[in-house]
Amino acid sequence: MDDLHAAMPFTQLLGATTVAVSKEEVRLRLDWDATRTTAGGALHGGALMGLADAGGGLCAFLNLPEGAVGTATISSATNFLRGVRDGHVEAVSRPLQVGRTVIVVDTEITDASGRLVARVTQTQAVQRPT
């Protein structure tokens, strides 16, 4: 994916950047910035969830079955495991199940030291032409 921001404009607002993109794995990065934090200085959970949703959505899109035109998140479960107060996070999204009507994606978010920050499992509906 040469231009993540053109394909998914929210990622520009969020500040996400592409590390690597393939059908098997999507890696996005988000740098710590004071504008993305809670009152305590940790990266906001919404920023982490937004990063995971973007990575998971792109991963699902790259795994669309023949004849499908897009995806939409229909469920997402996040487990937060540690706060991030500096550096960056990296989200790695991988398909768990690719079906005709839904795609399930697992996303691990790690900090700059490689420690697990959050784990997100999301289900993406497969959209067909109307």
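None of these values were measured; they are calculated from a predicted model.
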task: Any chance you could measure Thr107, atom OG1, to Glu25, atom CD, to the nearest 0.5 Å?
output: 10.5 Å
- request: Would you give the length of the straight line joining atom OG of Ser93 to atom CD of Glu24, rounded to the nearest 0.5 angstrom?
  value: 13.5 Å
field: hydrophobic_cluster_shared for Val126 and Val102, side chain cutoff 4.5 Å
entry: no
field: Check: Gly40 main-chain N/O paired with Thr38 side-chain donor or acceptor under 3.5 Å
entry: yes
task: Can you establish whether the number of heavy atoms outside Asp86 located under 6.0 Å from its atom CG is more than 12?
output: no
- request: State the OG1-CZ distance between Thr110 and Arg119, to the nearest 0.5 angstrom.
  value: 11.5 Å
query: Going from NE2 on His44 to OG1 on Thr35, what distance comes out if it is rounded to the nearest 0.5 angstrom?
result: 12.0 Å
Spacing of Met8 atom CE and Leu13 atom CG [to the nearest 0.5 Å]: 13.5 Å
message: If we ignore hydrogens and angles and just use 3.5 Å, is the side chain of Trp32 paired with the main-chain N or O of Thr37 as donor and acceptor?
response: no
query: Mind checking whether Val120 and Val89 sit in one hydrophobic cluster, side chains of I, L, V, M, F, W, Y counted as touching below 4.5 Å?
result: no
- prompt: Shared ILVMFWY cluster between Phe80 and Val117, side chains joined below 4.5 angstrom?
  reply: yes
message: Would you compute the distance between atom CG of Asp106 and atom CG of Leu96 and round it to the nearest 0.5 angstrom?
response: 5.0 Å
query: Less than 4.5 Å apart, any side-chain heavy atom of Val105 and any of Thr121?
result: no
message: Would the distance check show the side chain of Arg36 and the main-chain N or O of Asp31 forming a donor-acceptor pair, the cut-off being under 3.5 Å?
response: yes
task: In plain terms, say whether Glu90 and Arg29 are close enough for a salt bridge, that is, a side-chain N and a carboxylate O under 4.0 Å apart.
output: no
task: Check for a donor-acceptor pair, side chain of His5 on one end and backbone N or O of Gly15 on the other, with a separation under 3.5 Å.
output: no
- request: Identify whether Val26 and Phe10 are in the same connected component of the hydrophobic contact network (ILVMFWY, side-chain heavy atoms under 4.5 Å).
  value: yes
message: Within the supplied structure, the quantity of interest is the number of heavy atoms (other residues, nucleotides, ligands) at a distance under 6.0 Å from Arg100 CZ; does it exceed 12?
response: no
field: Close side-chain approach of Leu28 and Leu4, heavy atoms under 4.5 Å
entry: yes
- prompt: Under 4.5 Å between side-chain heavy atoms, hopping through other hydrophobics if needed: is there a path connecting Val21 to Leu14?
  reply: yes
Indicate every side-chain donor-acceptor pair of residues 48-69 with a distance under 3.5 Å to a residue at least two apart or in another chain.
unit_1, atom_1, unit_2, atom_2, d
Asp53, OD1, Thr73, OG1, 2.7
Asp53, OD1, Gln122, NE2, 3.4
Asn63, ND2, Lys23, O, 2.8
Asn63, ND2, Cys59, O, 2.8

